[in-house]
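As structure tokens, the structure follows; a few thoughts come after it.
We use all heavy atoms of the structure for the numbers below, so side chains are in, but hydrogens, waters and symmetry mates are not. Order of the sequence lines sets the chain letters (A, B, ...), proteins ahead of strands, with each chain counted from 1.
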Protein chains: 2
Amino acid sequence: MDMFRKRCKQLGLACTHQRLIIYRALASSASHPTPEAIYDQVRHEIPSISLATVYKNIKTFTEAGLLREVSVLHDSLRLDANLGNHHHLVCTRCKAVIDIPEEKLDPIRLRGKLPDGFVADRFLVEILGLCAACAKGRTN
Amino acid sequence: MDMFRKRCKQLGLACTHQRLIIYRALASSASHPTPEAIYDQVRHEIPSISLATVYKNIKTFTEAGLLREVSVLHDSLRLDANLGNHHHLVCTRCKAVIDIPEEKLDPIRLRGKLPDGFVADRFLVEILGLCAACAKGRTN
DNA sequence: CTATTGAACGATAATAATTATCCTCCTGTC
DNA sequence: GACAGGAGGATAATTATTATCGTTCAATAG
Ligand SMILES: [Mn+2]
Ligand SMILES: [Mn+2]
Ligand SMILES: [Zn+2]
Ligand SMILES: [Zn+2]
């Protein structure tokens, strides 16, 4: 956890008490928590912390590469009337979603058994990257 | 598009003018639109339509299996401090996210070239299904 | 074709999630 | 220890989504 201090220095971020606790809460969790869940966790140690601080630091950490968002498209509901099996290209910058046929990938196959009693229904594959427009220039 | 009338009858849904136009907007779009985008599109034909109607019918269609949501976890931000390569099991009922090592799947590999000028960065795989608790009983 | 009726619609309020604002305070540096 | 700028806290504002409720319309029976 002293490694966190170093990373902050590298990144030019102040290593505040709040940041340390927030990061520790995240790093010690296996549940992929929401901002609210982190807030609830952190309040055990810093009862006076503001939810806005949690949000701000989540963003800061994510931009710094200390954290990842589990889903790129969580900001707004996106719908698909194409019920056939296919995958998606997702532009991480403009959030464009482009169909690609499933034959464009080697088949997705499990090796061995899943943990717990998890019952799998289907595989969802997103190829993250930049769409043509975003890959080129600034303006999209 | 007359097939839509049939599906509605099968499902016990009234085939309203609004539903027809909303569904047509979705079916004819390749962009995986947001509810707002559908609303804007539909308003060309039904200027008086309510945004709430669009939301309600999106939900109706999704529950009926006429539509799919592109991302299962769009409702709230979920964070991950595990930066190593791994995949996720996602419970579609309680939204639990569980890590699985990438060796649990055959490697994801592209066959041939991607369309457009899309520049891929990484593959994101989610195994959708039910977690142990949700697979068993009602209460979770 | 008309009457009937429950489902669906439109308007809008309410809730939830996230971001912005602004003033105060603390970390990092000298 | 003093200083400056970034960071935190409180809270307002914004955005996304859902709930409420009175009115209207699609489906069906007569
Ligand atoms: Mn699609
Ligand atoms: Mn993970
Ligand atoms: Zn793009
Ligand atoms: Zn579950």
query: B:N57 has an atom CG; how far is it from atom C1' of D:dT18, in whole Å?
result: 14 Å

Show every donor-acceptor pair shorter than 3.5 Å between a side-chain atom in residues 42-55 of chain A and any protein atom, with sequence neighbours excluded, or say none if there are none.
residue: A:H44; atom: ND1; partner: A:Q41; partner atom: O; Å: 3.4
residue: A:E45; atom: OE1; partner: A:R24; partner atom: NH2; Å: 3.0
residue: A:E45; atom: OE2; partner: A:R24; partner atom: NH2; Å: 2.6
residue: A:S50; atom: OG; partner: A:A52; partner atom: N; Å: 3.1

field: Spacing of B:K6 atom NZ relative to D:dA27 atom P, expressed in whole Å
entry: 15 Å

query: Do A:S71 and B:S71 have side-chain atoms, one donor and one acceptor, less than 3.5 Å apart?
result: yes

message: Could you tell me if the side chain of A:D121 sits less than 4.5 Å from the side chain of B:T92, heavy atoms only?
response: no

message: Can you confirm whether B:D75 sits close enough to A:H74 that some side-chain heavy atom of one is under 4.5 Å from a side-chain heavy atom of the other?
response: no

- line: Between CZ of B:F61 and C1' of C:dA8 the distance, given in whole Å, is 12 Å

- request: State, without any angle test, whether A:N82 and B:H32 hold a side-chain donor-acceptor pair at a distance under 3.5 Å.
  value: no

Enumerate the protein-to-nucleotides 18-22 of chain C contacts in which both atoms are nitrogen or oxygen and the separation is below 3.5 Å.
residue: C:dT18; atom: OP1; partner: B:L77; partner atom: N; Å: 3.1
residue: C:dT18; atom: OP2; partner: A:Y55; partner atom: OH; Å: 2.6

Which atoms of nucleotides 23-28 of chain C (N or O only) lie under 3.5 Å from a protein N or O atom, and what are those distances?
residue: C:dG28; atom: OP1; partner: A:C15; partner atom: N; Å: 3.1

- request: Nearest whole angstrom, please: distance from the P of D:dG9 to the CZ of A:R19.
  value: 11 Å

field: same_hphob_cluster(B:L13, B:Y23) at 4.5 Å side-chain heavy-atom cutoff
entry: yes

- request: Assign A:T34 to base, sugar-phosphate, or nothing according to its heavy-atom contacts below 4.0 angstrom with the strands shown.
  value: nothing

field: Separation of C:dA7 P from B:L11 CG (nearest whole Å)
entry: 15 Å

query: Starting at CG of B:L20 and ending at C1' of C:dC9, how long is that distance when rounded to a whole Å?
result: 15 Å

task: Using atom CG of B:L73 as one end and atom P of D:dA16 as the other, report the distance to the nearest whole Å.
output: 19 Å

- prompt: For the pair made of CD1 in B:I21 and C1' in C:dG10, what is the distance, rounded to whole Å?
  reply: 17 Å

field: A:H88 side chain to A:D80 side chain, donor-acceptor N/O pair below 3.5 angstrom
entry: yes

query: Reckon B:T53 has a side-chain N or O less than 4.0 Å from the OP1 or OP2 of C:dG10?
result: yes

field: Shortest non-hydrogen contact from B:H87 toward B:L105
entry: CD2-CD1, 3.5 Å

- prompt: According to a strict under-4.0 Å criterion, is B:Q18 in side-chain N/O contact with OP1 or OP2 of C:dG10?
  reply: yes

field: Expected output: side-chain B:R93 to main-chain B:C131 donor-acceptor under 3.5 Å
entry: no

